[in-house]
Amino acid sequence: MPGLVVNPRARIFHGHDWVYASEIKKTFGDPQPGAVISLKDFRDRPLGSAIYNPKSQIVARRFSRRRQELDTDFFTRRIERALAHRRTLDLAPPGHRRLVWSESDGLPGVIIDQYGEDIVLQTNTLAMDQRRNSIVEAIENTLQPRTIVERNDSAIRTPEGLETRQGILRGPAPEVSTANLGGFFQIVNVLGGQKTGVYLDQWDNYHHVAALAKDRRTLDCFTNSGGFALACSAAGAREVTAIDSSEPCLEIARQNAVLGAMEIKWINANVFDHLKDAASGETAYDLVILDPPSFTRRKGSLKDALRGYKEIHLRALKILEMGGILATFSCSHHVNHETFMNVIRDAAVDAKRQLRLVATFSQRSDHPVLATLPETEYLRGFAFETIGAW
């Protein structure tokens, strides 16, 4: 098996599973793009098997500590293992879950989501994309779904040199369905919805934030299909306003509200501009929710992203009543816990607000986090109560 010899100071010796170009000591055996390769240390001791892509910044991604090939049997075993773990989790509604979360489930770049009898597949690394048919066969062997849909329409494929595409891989065309999230509803469109249909990673957080919303005048920023707004309305918020710059997303949110017979004020606007206008007037809220799209997908643009995060928090704090709550999220793994907290602190100082942490949030448990691979944790959030002004 061809492969790489890894530098002695590489992160893989600390439990990480990625190898960057700068961490390669030498290459042997002429590995080809997408191939399974052997990883070795500088003393020729094996480190496991990895997938290889010299065009990517992450040249190799380890998927096993042993010598291992990628075939249908291997994919079947990994999917069965991931499914067994999901069965131990208390997830609602049942049948709607992430079954495979990339490296966290030993399948780098593979995402498999389940919506009832419909399965959505993403293959975001070259090697896994080349073996898509084997993965589909393993899904059929393990889950016997009605439909398998491919949603390889994410920009995350670009660094791997992959084109975007989507469509039906197996079975009939899936119908648009509705998920009951306990007090409110979300329309699920696996072919045309956000990500693989909806934002599964936030489903638990909708309820966690809504638990803080009773009798509060609530503003949901970057509402998308309305998840937080709907949950807060169902939990007894006194009034709910939701903002998003996408009219198609707001139309889905309106339909979700109709399903739950909810009265929510929907605003099609740029959130930054709307908050600035609100701060100059007399509008104030008891709960402000910030759940923006990722401000950065590259480490090189982190500085600009942090300026955006600070600005949006500053504007939100200026329209928050004393005793009010700010619930805020970041979905970029480049913005870690400490960095995100520092941005909020800086915004609070500029806004002359004293904040008290009342809750922390993460991605849903069907998106497991590996302790040695921090990139598997990308979603984090906090809730703060304003307890004083400076």
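In this chain, residues are counted from 1 in sequence order. Just so it is clear, the structure is predicted and the values come from calculations on it, not from any experiment.
- With a 6.0 Å radius and a threshold of 12 heavy atoms from other residues, nucleotides or ligands, Glu247 has its CD atom above the threshold.
- Open room surrounds CD on Glu175; 12 or fewer heavy atoms of other groups in view lie less than 6.0 Å from it.
- A centroid separation of less than 6.0 Å is found between the aromatic rings of His313 and Phe340.
- Once rounded to the nearest 0.5 Å, the distance linking CD1 of Ile139 with OG of Ser134 reads 11.0 Å.
- At least one side-chain heavy atom of Leu47 sits less than 4.5 Å from a side-chain heavy atom of Val6.
- Put simply, the side chain of Arg132 reaches to within 4.5 Å of the side chain of Glu150, judged on heavy atoms.
- Hydrophobic clustering (ILVMFWY, side-chain heavy atoms < 4.5 Å, transitive): Ile252 and Val271 are in distinct clusters.
- Using a 4.5 Å heavy-atom cutoff, the side chains of Ile168 and Ile148 are not in contact.
- Taken together through direct or relayed side-chain contacts under 4.5 Å among Ile, Leu, Val, Met, Phe, Trp and Tyr, Val288 and Val209 form parts of separate hydrophobic clusters.
- No more than 12 heavy atoms of other residues, nucleotides or ligands lie within 6.0 Å of CZ in Arg67, so this atom counts as exposed by the packing criterion.
- Aromatic ring centres of His207 and Phe228 lie farther apart than the 6.0 Å criterion allows.
- Listed by first then second residue, pairs satisfying salt bridge (Lys or Arg N to Asp or Glu O under 4.0 Å) with a partner in residues 198-207 read Lys195-Asp201, not counting sequence neighbours.
- Here the side chain of Trp101 pairs a donor or acceptor atom with the backbone of Thr376 at under 3.5 angstrom.
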* To do: Take Leu287 and Leu219, measure what side-chain contact (heavy atoms from CB on, under 4.5 Å) needs, and give me the verdict at the end.
  => CA-CA 6 Å; Leu287 171 61; Leu219 177 66; over 6 Å; no

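- Side-chain polar atoms of Glu103 and Trp18 form a donor-acceptor pair below 3.5 angstrom.
- Annotation for Gln57: atom CD does not count as buried by contact number, only 12 or fewer foreign heavy atoms lying within 6.0 Å.
- A salt bridge links Glu160 with Arg61: at least one charged nitrogen is closer than 4.0 Å to a carboxylate oxygen.
- A heavy-atom distance below 4.5 Å is not found between the side chains of Gln202 and Arg364.
- In summary, the side chains of Asp73 and Thr76 do not present any donor paired with an acceptor at a separation below 3.5 Å, with no hydrogens or angles considered.
- Without hydrogens or angle criteria, Ser56 side chain to Val59 main chain gives no donor-acceptor distance under 3.5 Å.
- Without hydrogens or angle criteria, Asp41 side chain to Arg43 main chain gives a donor-acceptor distance under 3.5 Å.
- Checked by atom type, the side-chain pair Tyr309/Ser330 shows a donor-acceptor distance below 3.5 Å.
- How far CG of Leu230 is from CZ of Phe185: 10.5 Å, rounded to the nearest 0.5 Å.
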* Output, in order, the C-alpha distance, side-chain angles, deciding distance and verdict of salt bridge (charged side-chain N to carboxylate O under 4.0 Å, His left out) for Glu385 and Arg353. => CA-CA 10 Å; Glu385 181 184 11; Arg353 294 288 186 271; over 6 Å; no

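- Of the possible polar contacts, none joining the Asn7 side chain to the Ala10 backbone as a donor-acceptor pair under 3.5 Å is found.
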* To do: Output, in order, the C-alpha distance, side-chain angles, deciding distance and verdict of side-chain contact (heavy atoms from CB on, under 4.5 Å) for Ile135 and Asn133.
  => CA-CA 5 Å; Ile135 298 172; Asn133 290 339; over 6 Å; no

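- Between Glu251 and Arg254 there is a salt bridge, with a side-chain nitrogen of the basic residue lying less than 4.0 Å from a carboxylate oxygen of the acidic one.
- Taking 4.5 Å as the limit, every side-chain heavy atom of Ser49 sits out of range of all side-chain heavy atoms of Ile37.
- Asp129 has a carboxylate O that lies under 4.0 Å from a charged side-chain N of Arg165, or vice versa, which qualifies the two as a salt bridge.
- With values rounded to the nearest 0.5 angstrom, Phe74 atom CZ is found 10.0 Å from Ile79 atom CD1.
- Each of Arg78, Arg86, Arg81 was scored for a side-chain hydrogen bond (donor to acceptor under 3.5 Å, both in side chains) with Asp105, with one residue passing: Arg86.
- Each of Thr223, Ile267, Asn270, Asn268 was checked for a side chain to side chain contact (heavy atoms under 4.5 Å, CB included) with Asp244, and the lone residue meeting it is Thr223.
- By the 6.0 Å contact criterion, CD on Gln144 is enclosed, its count of non-hydrogen atoms from other residues, nucleotides or ligands being greater than 12.
- Taking the six-membered ring for Trp and thresholds of 30 and 60 degrees, Phe361 and His208 have nearly parallel ring planes, at less than 30 degrees apart.
- At distances below 3.5 Å, at least one donor-acceptor pair connects side-chain atoms of Asp220 with backbone N or O atoms of Ala229.
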* To do: Before giving the answer on side-chain contact (heavy atoms from CB on, under 4.5 Å), spell out for Tyr378 and His334 the whole-Å C-alpha distance, their side-chain angles and the decisive distance to 0.1 Å.
  => CA-CA 8 Å; Tyr378 65 95; His334 294 296; over 6 Å; no

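- With hydrogens and angles disregarded, a donor-acceptor distance shorter than 3.5 Å links the side chain of Gln166 to the backbone of Leu191.
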* Could you walk me through whether Asp350 and Arg315 pass salt bridge (charged side-chain N to carboxylate O under 4.0 Å, His left out), step by step? => CA-CA 10 Å; Asp350 288 356; Arg315 295 185 183 188; over 6 Å; no

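- The structure places CG of Leu89 at 13.5 Å from CZ of Arg98, a figure rounded to the nearest 0.5 Å.
- Two residues are said to be in side-chain contact when any heavy atoms from C-beta on lie closer than 4.5 Å; Leu4 and Tyr52 meet this criterion.
- The main-chain N or O of Thr123 is found under 3.5 Å from a side-chain atom of Asn152 such that the two form a donor-acceptor pair.
- Annotation: cation-pi pair Lys26/Phe42 absent, no NZ/CZ under 6.0 Å from the ring centroid and within 45° of its normal.
- Electrostatic pairing of Arg97 and Asp113 does not count as a salt bridge here, judged by no charged N lying under 4.0 Å from a carboxylate O.
- Trp266 and Phe222 are members of different hydrophobic clusters when ILVMFWY side chains are connected at heavy-atom separations under 4.5 Å.
- Under 3.5 Å, the side chains of His367 and Glu377 contain no donor-acceptor pair of N or O atoms.
- In the model, Ser225 has a side-chain atom that pairs as donor or acceptor with a side-chain atom of Gln186 under 3.5 Å.
- Looking only at side-chain heavy atoms (C-beta outward), Leu314 and Leu275 stay at 4.5 Å or farther from each other.
- A donor-acceptor distance shorter than 3.5 angstrom exists from the side chain of Ser102 to the backbone of Gly109, with no hydrogens or angles considered.
- Under a hydrophobic-cluster definition in which Ile, Leu, Val, Met, Phe, Trp and Tyr are linked whenever side-chain heavy atoms come within less than 4.5 Å, directly or via other members, Ile111 and Ile119 are assigned to different clusters.
- Here the CD-CG distance, from Gln130 to Leu162, works out to 8.5 Å after rounding to the nearest 0.5 Å.
- Here Leu143 contributes atom CG and Asp118 contributes atom CG; the two are 12.0 Å apart, rounded to the nearest 0.5 Å.
- Looking only at distances, a side-chain donor or acceptor of Asp286 sits under 3.5 Å from a matching main-chain atom of Arg217.
- Residue Phe384 is grouped with residue Val343 when hydrophobic side chains (ILVMFWY) are merged at heavy-atom distances under 4.5 angstrom, including chains of intermediate members.
- With Thr218 contributing its side chain and Ala237 its backbone, the two residues share no donor-acceptor pair below 3.5 Å.
- For the pair Glu140 and Arg170, the salt-bridge criterion is met [side-chain N within less than 4.0 Å of a carboxylate O].
- The closest side-chain heavy-atom distance from Lys55 to Pro33 is not below 4.5 Å.
- A donor-acceptor pair shorter than 3.5 Å can be found between the side chains of Tyr199 and Gln194.
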